[in-house]
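Quick notes on the structure that follows.
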Amino acid sequence: MEKFVKLTTTAIPLPIENIDTDQIIPARFLKATNKIGFGDNLFRDWRYDKDNNPKEDFVLNNTTYTGSILVAGDNFGCGSSREHAAWALTDYGFKVIVSSYFADIFKGNALNNGLLPIQVTPEFLHLILDAVQAKPETQVTVDLEKQTISFNEASESFEIDAYKKMCMMNGYDDIDFLISKKEQIEAFEAEKA
Amino acid sequence: MKKTLFDKVWDSHVVDTVPNGPQILYIDKHLIHEVTSPQAFNELEQRNIPLFRPDQVVATADHNVPTENQHLPIADALSKNQVEQLTKNCEKHGVTLYGLGHKYQGIVHVMAPELGITQPGMTMVCGDSHTSTHGAFGTIAFGIGTSQVAQVFASQCLLLQKPKSLRVNVNGKLAKGVLPKDVILYIISKIGTNAGTGYFCEYAGNVFEEMSMEGRMTVCNMSIEMGARGGMIAPDETTFEYVKGKEFAPKGEEFDKKVAYWKTLPTDEGAVFDKEYSFDAEDIAPMVTYGTNPGMGIKVSGHIPADIKDASFEKSLQYMGFEKGESLLDKAVNYVFIGSCTNSRIEDFRIVADYIKGKQKAENVNALIVPGSQQVAKQIREEGLTEVFEAAGFKIRQPGCSACLGMNEDKVPAGEYCVSTSNRNFEGRQGPGARTILASPLMAAATAVNGKITDITKQLN
């Protein structure tokens, strides 16, 4: 997993609430057996019409907006547990998702892929959306060590589990940790049997 | 300390707690399917990690399988490859697979309970958010991502923060024609799609106590649609009776010992929940959804809210082709789908058959019946329901997830309405541009017969 420490970039606004993982990557694109190339179909049915032409009114097709931070409406990532949603977002180039609320499974999947979900207050979400929409060149800085997100004069701190923060900053994943606990797991099994 | 059902099951599965961090939770049963497992198997192989406990993993092919001619090679090359990959991976790693053609194949959340793989007091996971279904047995069951599938493969454990506790109480008497699906759609319409985020839910009250296991599974299945990772119902005589005698259930003395333990699991009187909601059964009516998330539900006799001013709400209505303040009664509907891990068990099909017996589907309607498993399909045949469905003009398919998520050919065309017994009415869920209206099997059957959305209570009284 790629390390994440600090990032300064422009951001892409997507102020829609309850964006479910079927929108992020529709089920018909889940037939691959590897993790490659899902970014091509990220937000497929919002991004392209039925003849596969880009829809001009969708933000990813608007060259004014660039950057590796996606700022989305409340309850991002609800619905299906498909990790393909996290793979599609990272494959497209996103490193951070900002929302006022994340669905549990998506949040875990994002963290397991080095994609940082930052939960901000509804007020801050409003501010950042307004700022980015008014001035697409607005630079947003995410500092994982300090747990802050800031732009212009505004700044807010965010929460992250200490263990997950350590994983993100070092590029570790849970598998190594769990395997290191094998003896304890076997002892637990023996006791239960 | 007074403990909840959830606390009791969770605490007995904690291997260790990371200081200031998550807990290591032991997983008893791991269910897998073709769509969310291949990358996890790849991960193991790339890192040269063996599958730790293959005997605790059970696989089936469901999401991406055709529901016609399952004996023939799968026509779609990508789907074929994915299903074949599952077979290869299971063979290589010694995992039991109920693949296409096997008498136990079916939707993972229909197959495991009916085989007795699901038992009270267990921890269960699957790379599918509707794993919450198994909570109907008093099981901690929840959906996981593919990275977590790999973690369970490697260690039979997951690293998790213990969720907060939520209880939803429903007491009273349900009116005729109000089914478990209506109960859960009603709850979600009242508390919203993220009320349960960060929580594990327990459903309590006489309404759930009086439900069959099939009904309880329908309720727990949709816990994720209110954001909860899982939902549970305390195990009782109904549960024990259902589990008893199932293929992989404990037998004889072992079963009695288990039952004695299962009886200790219900929430202690006086245990405190972090959040609690209570509803009266009398307030619940047959439900339909009008929008693009499962919280956007109304009584079939009701109206779409007229006073919400919100861009996401308006985008949703625009997608559905509905107006604020509108009633859905008498809306023409051309597609009806009866299936999915929410409502594809034998009880669901008995309800449908009972209603449509002697009736005909409306000419405009394309009505699809998709059994949840080979075992359910067999029951349908043995109980003579096949003839009822065929005589009424319904099409019966082979088991799979089918039009619930439109991964295979079973899709609803763009712009068409589909009254569906599935769990999600997201944009494009049943096919690009498809407009899903979630409802109970009875409401779906009535829609198919009438060719339009009907208030079933008017016909029953």
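A note on names: the letters A, B, ... follow the listed sequences, proteins ahead of strands, and every chain is numbered from 1. If you're wondering where the values come from, they're calculated on a predicted model, not measured in any experiment.
- Contact annotation for B:Asp76: only side-chain heavy atoms (C-beta onward) come within less than 4.5 Å of a heavy atom of chain A.
- Taking both residues in full, the closest heavy atoms of A:Ser81 and B:Gly127 are given as OG-C, 3.6 Å, listed atom of the first, atom of the second, then distance.
- The most heavy-atom pairs under 4.5 Å with chain A, out of B:Ile24, B:Asn20, B:Ile224, come from B:Ile24.
- A:Asn113 is listed as a side-chain neighbour of B:Ser147, based on a closest heavy-atom distance under 4.5 Å.
- The backbone N or O of B:Met407 sits less than 3.5 Å from a side-chain atom of A:Lys31, completing a donor-acceptor pair.
- Looking at every heavy atom in both residues, A:Asp104 comes nearest to B:Gly198 through OD2-N, 2.8 Å.
- Only the side chain of A:Glu189 has a heavy atom closer than 4.5 Å to any heavy atom of chain B.
- Scanning all heavy atoms of the two residues, the minimum distance from A:Ile105 to B:Ile144 falls at CG2-C, 4.4 Å.
- A donor and an acceptor atom, one from each side chain of A:Asn112 and B:Gln148, are nowhere located under 3.5 Å apart.
- With a 4.5 angstrom heavy-atom cutoff, B:Ser12 touches chain A via backbone and side-chain atoms both.
- For chain A, the nearby part of B:Asn64 is the side chain; its heavy atoms alone come within less than 4.5 Å.
- When heavy atoms are compared at a cutoff of 4.5 Å, B:Glu34 does not approach chain A at all.
- Proximity to chain B is absent for every atom of A:Lys107, based on heavy atoms less than 4.5 angstrom apart.
- Of all residues spanning residues 17-29 of chain A, those with a heavy atom less than 4.5 Å away from chain B's heavy atoms are A:Glu17, A:Asn18, A:Asp20, A:Asp22, A:Gln23, A:Ala27, A:Arg28, arranged by number.
- Interface remark: of the candidates B:Asn408, B:Leu78, B:Asp310, B:Asn194, B:Asn194 forms the most heavy-atom pairs closer than 4.5 Å to chain A.
- No part of B:Phe153 comes within reach of chain A, as not one of its non-hydrogen atoms sits under 4.5 angstrom from that chain.
- B:Thr36 and A:Glu83 share no side-chain donor-acceptor pair at under 3.5 Å.
- B:Ala150 touches chain A through backbone and side chain together, each having a heavy atom under 4.5 Å away.
- Among all heavy-atom pairs drawn from B:Arg429 and A:Ser80, the shortest one is NH1-CB, 4.4 Å.
- Taking each heavy atom of B:Val15 and A:Phe188 in turn, the nearest pair found is CG2-CG, 3.7 Å.
- Proximity of a side-chain donor or acceptor of B:Gln39 to a complementary backbone N or O of A:Asn34 within less than 3.5 Å is detected.
- Heavy-atom distances place the side chain of B:Ser312, and not its backbone, under 4.5 Å from chain A.
- Using a 4.5 Å cut-off between heavy atoms, B:Leu405 touches chain A through backbone and side chain atoms alike.
- In this structure, no portion of B:His130 lies under 4.5 Å from any heavy atom of chain A.
- Of all residues in residues 171-186 of chain A, those placing a non-hydrogen atom less than 4.5 angstrom from a non-hydrogen atom of chain B are A:Asp173, A:Asp174, A:Ile175, A:Asp176, A:Phe177, A:Leu178, A:Ile179, A:Lys181, A:Lys182, A:Gln184, A:Ile185, A:Glu186.
- Taking every heavy atom of both residues into account, B:Pro38 and A:Ala32 meet most closely at CG-O, 4.4 Å.
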